[in-house]
Amino acid sequence: MSTDEIRLVSDKRTEFGKGAARKLRRADKVPAVLYGHGEAPIHLALPFHDTFQALKNPNALLTISVEGEDDQLALAKDVQRDPIKPIIEHVDLVMVKRGEKVTVEVPVHVEGDAAPETVVTVDAQTLEIEADVTNLPESLTVSVEGLEVGTQIHASEVEMPAGATLASDPELLVVNITQQISAEELEAELAEAEAEAGIEHDESDAEAAEAAEGEESTEGGEESSEQE
């Protein structure tokens, strides 16, 4: 459970726009906005390193120290990241209160080994749950130990932590156990799919050489027959 609160000391922002955001990031700060509970949004600058570490758990409970304001409890509602660099570009923070229940997405973690010659497919990478804001789990664990082909685990079968309830569709397929396919079957299925799609492959050098040898052998046989 995520019970530890992480404190982030922020500065209020007075400049906005792309230029101001780039200037903040060069100073190792992250642009953020804090809102919720009917309060006016507060535009903040957060310390990059501490924020980066805190958001490794997407449902971490944050204590935001705001200049000239009382501390605010918050959850990260939306985190915008650079697609290439390890940079957080912007964070939306939503205010929460102790004792409040919230709905969050929690990652599904699969553990154990299914039966031999099976494939374990995780169809739902996350599930929505409702829980107390001070007691949010970091992940939901699903055991596949010894499970046979044909086994399916739905959201309603995933064990919820104490105090948490499922908010996702109970019939949502989470884990599916299927038969492992052999290399020969995979190649045959691929060839069939390519044939249906009208995909033709150029003749390989080995196939071309083999065909040429066959033609030469045939011609040689015909010449021998004529000489006879």
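Given the structure is predicted, the values throughout are model-derived calculations rather than measurements.
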Legend entry - Closest approach of Met160 to Leu140 (non-hydrogen atoms, all atoms of both residues): CE-CD1, 4.0 Å
Legend entry - Euclidean distance, Gln152 CD relative to Asn176 CG, rounded to 0.5 Å: 4.5 Å
Inset, instruction - Measure the spacing between CG of Leu34 and CG of Leu93 and express it to the nearest 0.5 Å. - result: 5.5 Å
Legend entry - Atom pair CG (Asp70) and OG (Ser65), whose distance is rounded to the nearest 0.5 Å: 10.0 Å
Legend entry - Donor-acceptor pair, side chain of Arg13 and main chain of Ala32, under 3.5 angstrom: yes
Inset, instruction - Over all heavy atoms of both residues, which pair between Val9 and Pro47 is shortest? Give the atoms and the distance, please. - result: O-CD, 3.1 Å
Inset, instruction - Would you check if the side chain of Asp92 reaches a backbone N or O of Val79 as a donor-acceptor pair within less than 3.5 Å? - result: no
Legend entry - Where Gln72 and Met95 come nearest, the two heavy atoms and their spacing: OE1-SD, 3.9 Å
Inset, instruction - Tell me, yes or no, whether the heavy-atom count around Glu111 atom CD, taken from other residues, nucleotides or ligands under 6.0 Å, exceeds 12. - result: yes
Legend entry - Side-chain ion pair, Arg7 and Asp71, N-O less than 4.0 Å: yes
Legend entry - Closest approach of Pro137 to Val106 (non-hydrogen atoms, all atoms of both residues): O-CG1, 3.8 Å
Legend entry - Atom pair OG (Ser10) and NE2 (His43), whose distance is rounded to the nearest 0.5 Å: 12.5 Å
Legend entry - Glu117 vs Gln179 side-chain heavy atoms within contact, under 4.5 Å: yes
Legend entry - Note, Val149 side chain near Thr178 side chain (heavy atom, < 4.5 Å): no
Legend entry - Under 3.5 Å donor-acceptor, Gln53 side chain and Asp50 backbone: no
Legend entry - Minimum side-chain heavy-atom gap Leu73-Arg98 below 4.5 Å: yes
Legend entry - Donor-acceptor contact below 3.5 Å, side chain Ser168 vs main chain Glu128: yes
Inset, instruction - State whether the number of non-hydrogen atoms from other residues, nucleotides or ligands found under 6.0 Å of Glu145 atom CD is greater than 12. - result: yes
Inset, instruction - Can you measure from CD (Glu138) to NZ (Lys56) and round to the nearest 0.5 angstrom? - result: 12.0 Å
Legend entry - side-chain contact (heavy atoms from CB on, under 4.5 Å) evaluation trace for Leu44 with Val66: CA-CA 8 Å; Leu44 305 171; Val66 183; 4.0 Å; yes
Legend entry - Worked check of side-chain contact (heavy atoms from CB on, under 4.5 Å) between Val142 and Val108: CA-CA 7 Å; Val142 177; Val108 173; 3.9 Å; yes
Inset, instruction - Indicate yes or no for a side-chain donor-acceptor contact from Gln80 to the backbone of Ile88 under 3.5 Å, with no hydrogens or angles considered. - result: no
Inset, instruction - Check the pair Val33 / His90 against side-chain contact (heavy atoms from CB on, under 4.5 Å), numbers first and verdict last. - result: CA-CA 8 Å; Val33 61; His90 190 275; 3.8 Å; yes
Legend entry - Student check: side-chain heavy atoms of Val174 and Asp123 closer than 4.5 Å: no
Inset, instruction - Measure the shortest side-chain to side-chain distance between Ile6 and Leu61 over non-hydrogen atoms and say whether it is less than 4.5 angstrom. - result: no
Legend entry - Leu55 side chain near Val91 side chain, heavy-atom distance below 4.5 Å: yes
Inset, instruction - With rounding to the nearest 0.5 Å, note down the distance linking CG in Leu136 to CD1 in Ile129. - result: 6.5 Å
Inset, instruction - Evaluate the side-chain proximity of Val175 to Val144: yes if any heavy-atom separation is below 4.5 Å, no if none is. - result: yes
Inset, instruction - Might you point out which heavy atoms bring Asn59 and Leu75 nearest each other, and give the distance in Å? - result: O-CD2, 3.8 Å
Inset, instruction - Kindly indicate whether the side chain of Thr118, heavy atoms from C-beta on, has any atom under 4.5 Å from the side chain of Leu147. - result: no
Legend entry - Least distance between heavy atoms, Leu62 atom then Ala54 atom: CD2-CB, 3.9 Å
Inset, instruction - Flag yes if more than 12 heavy atoms outside Lys12 fall under 6.0 Å of its NZ atom; otherwise flag no. - result: yes
